[in-house]
Amino acid sequence: MSDENTNTVNKKRIYSAIQPSGQLTLGNYLGALRNFPKLQGDYDCVYCIANMHSLTVRQDPEQLKERIYSLLALYLACGLDPEKNVLYLQSHVHEHAELAWILNCYTYNGELSRMTQFKDKSSKHADNINAGLFTYPVLMAADILLYQSDFVPIGQDQKQHLELSRDIADRFNKLYGQTFVVPAPLISKQGARIMSLQDPDKKMSKSDTNTSNFVLIVEDPASIMKKFKKAVTDSEAEVRYDEENKPGVSNLINIYASVTDKSVPDVEKEFEGARYGEFKMAVGQAVIDALAPVREKYEELMGDKGYLEKVLKEGREKASAIASVTLRDVYEKVGFVV
Ligand code: ATP
Ligand code: LTN
């Protein structure tokens, strides 16, 4: 790593990204987004809108464009300050695609075929198992490694991809000398794996075709309450955490604990003897209260595209300045004439 690419004032660097592949859910909020603003100030933070990753699944072009603005507005609405963080669009920084190509040549097919997200997505989109879906984790590694990232806040489902990024970084460093910081995951204890409301054995996902399975960050309160009221529970009548035997109730406890910042045992105590109906309404209300300020700010920002464009432009410049230094170093190390 060259000197000019070390982080400012010795702060550790945080890097994360979310795909604009749908409207964001409560799962994305609790597993990822909500944790981002807590880190600003103490770390040097870079947050990306991973639009290149989204193309691994078919997207409607107009809708994709709108979702890019929407994700940026959510980053800002959750409290990310564009002066303190780098907020940018992946395709604005050409180094991502370039480094991804290089890293493809240092990643084995065997490693990629073990990725559970690839297996899940291939079965969901059996008519479109494209090469991008297979090499998706390499692009993710390029994202992270370009910025010399120390920590990567993610939900549980991305842990395997992060481990692969570490292996690729290590492999490259061993071959060519210190080039990349080897990143570590940051996974919060609560909220790291929010499950589907109707099918609690499956994770809540924004690309789910059944809209009763998720709650959107910007969903209207009446609809949020309706979905919680009909969330799947079990035939017992006890608010007790037991992921294996009571996945629905455990998911609701987890959601309530996360949005109210309480511990699981405290939530169990609070609802001792409560009926499921009562408990589900309390969870719905707590979620509505937690999301209301985000939604309000989001709507205000979506009405000001000029401002969103300005944030993207500044982000592009700041991100490119960091990424270009790493890519140049990599090009030199592998023997390209630069
Ligand atoms: P898709 O359905 O399009 O694959 P997704 O909803 O799984 O998307 P991503 O864009 O892949 O969302 O993820 C953004 C971030 O949100 C990641 O850090 C991911 O780990 C986290 N995340 C996604 N779903 C959940 C969930 N159900 N619980 C907790 N965190 C989640
Ligand atoms: N693969 C991630 C999104 C993503 C990401 C990244 C997360 C793309 N690049 C870099 C962390 C760091 C996902 O599907 N959630």
Side-chain angles (χ1 to χ4, degrees), residues 13-36 45-59 64 67-68 70-71 74-75 78 88-91 93 96-97 99-100 103 115-118 120-122 124-125 132-133 135-147 149-166 168 183-197 199-211 213-217 251 254-255 258-259 319 323:
R13 180 163 288 147
I14 294 273
Y15 185 95
S16 198
I18 299 183
Q19 302 182 69
S21 53
Q23 285 188 288
L24 265 61
T25 69
L26 180 65
N28 300 126
Y29 181 68
L30 296 178
L33 208 49
R34 187 178 70 145
N35 305 318
F36 296 173
C45 303
V46 181
Y47 296 109
C48 166
I49 299 172
N51 60 328
M52 290 162 69
H53 278 97
S54 308
L55 275 197
T56 52
V57 171
R58 289 280 172 268
Q59 305 288 338
L64 180 58
R67 283 176 174 163
I68 288 168
S70 168
L71 181 50
L74 272 181
Y75 275 164
C78 283
Y88 77 102
L89 182 64
Q90 191 179 29
S91 62
V93 180
H96 288 254
L99 183 61
L103 299 183
M115 296 293 122
T116 54
Q117 183 174 297
F118 171 68
D120 287 353
K121 294 216 168 170
S122 324
K124 266 197 218 154
H125 307 278
L133 199 59
T135 59
Y136 175 116
V138 183
L139 179 59
M140 179 162 161
D143 298 343
I144 297 167
L145 302 184
L146 267 179
Y147 296 85
S149 316
D150 298 284
F151 300 108
V152 183
I154 39 169
Q156 191 69 38
D157 61 311
Q158 294 300 314
K159 192 164 173 253
Q160 194 187 27
H161 288 165
L162 197 90
E163 276 158 11
L164 179 65
S165 301
R166 290 169 60 85
I168 297 172
L186 267 189
I187 301 180
S188 62
K189 278 207 197 80
Q190 275 171 350
R193 192 164 165 80
I194 301 299
M195 310 308 280
S196 149
L197 295 181
D199 189 358
D201 291 320
K202 227 174 56 178
K203 80 160 190 151
M204 185 180 284
S205 161
K206 61 173 127 72
S207 53
D208 202 313
T209 47
N210 179 358
T211 57
N213 281 336
F214 57 73
V215 160
L216 299 176
I217 300 179
N251 187 36
N254 194 12
I255 292 174
S258 305
V259 295

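For the numbers below, each heavy atom of this structure counts, side chains included, while hydrogens, waters and symmetry mates do not. Numbers here simply count residues along the sequence, with the first being 1. Just follow the structure's listing: the first ligand is 1, and inside any ligand the first atom is 1.
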query = Got an N/O contact under 3.5 Å between G27 and ligand 1?
reply = yes
Those residues with a heavy-atom separation under 4.0 Å from ligand 2 are Y15, S16, A17, Q19, A50, H53, Y136, M140, D143, I144, V152, I154, Q158
* Asked: Is Q156 close to ligand 1, meaning an N/O of one under 3.5 Å from an N/O of the other?
  -> no
_NZ/NE/NH1/NH2 to OD/OE distance under 4.0 Å, K203 and D157_ = yes
Would M204 count as being in polar contact with ligand 1, using the rule that some N or O on each side must be under 3.5 angstrom apart? yes
among protein heavy atoms, the one nearest atom 9 (P) of ligand 1 is K206 NZ, 3.5 Å
Atom 20 (O) of ligand 1 sits nearest the protein heavy atom D157 OD1, 2.5 Å
Atom 28 (N) of ligand 1 sits nearest the protein heavy atom I194 N, 2.8 Å
Assert yes or no for the condition that the ring centre distance of Y136 to F118 is strictly below 6.0 Å. no
Do D208 side-chain atoms and S205 backbone N/O form a donor-acceptor pair below 3.5 Å?
no
Atom 4 (O) of ligand 1 has as its nearest protein heavy atom K121 NZ, 2.5 Å
*Judged by modelled atom types alone, do Q19 and N51 share a side-chain donor-acceptor pair under 3.5 Å?*
no
Are the side chain of D150 and the backbone of R13 linked by a donor-acceptor contact shorter than 3.5 Å? yes
of all protein heavy atoms, closest to atom 23 (C) of ligand 1 is N28 ND2, 3.2 Å
With heavy atoms and a 4.0 Å threshold, my read on which part of M195 contacts ligand 1 is neither
Below 4.0 Å from ligand 1: does a non-hydrogen atom of T25 turn up there or not? no
protein heavy-atom neighbour closest to atom 7 (O) of ligand 1 works out as K203 NZ, 2.3 Å
Counting heavy atoms under 4.0 Å, the part of A192 that contacts ligand 1 is backbone
Next item on the list: Please tell me if the side chains of R67 and Q59 come closer than 4.5 Å, counting only heavy atoms from C-beta onward.
Entry: yes
Is G155 in polar range of ligand 1, meaning some N or O pair under 3.5 Å apart? yes
Quick note on ligand 1: atoms under 4.0 Å from a heavy atom of A32 include exactly 15 (C), 16 (O), 18 (O)
Counting heavy atoms under 4.0 Å, the part of R193 that contacts ligand 1 is backbone
The atoms of ligand 1 lying under 4.0 Å from a heavy atom of I18, numbered in the order shown, are 10 (O), 14 (C)
- prompt: With a 4.5 Å limit on heavy-atom distance, are the side chains of I194 and N254 in contact?
  reply: yes
**Message:** S205 versus ligand 1: do any nitrogen or oxygen atoms come within less than 3.5 Å of each other?
**Reply:** yes
Logged contact type for S207 with ligand 1, heavy-atom cut-off 4.0 Å, is both
Note: S21, heavy atoms under 4.0 Å from ligand 1, region reported as side chain
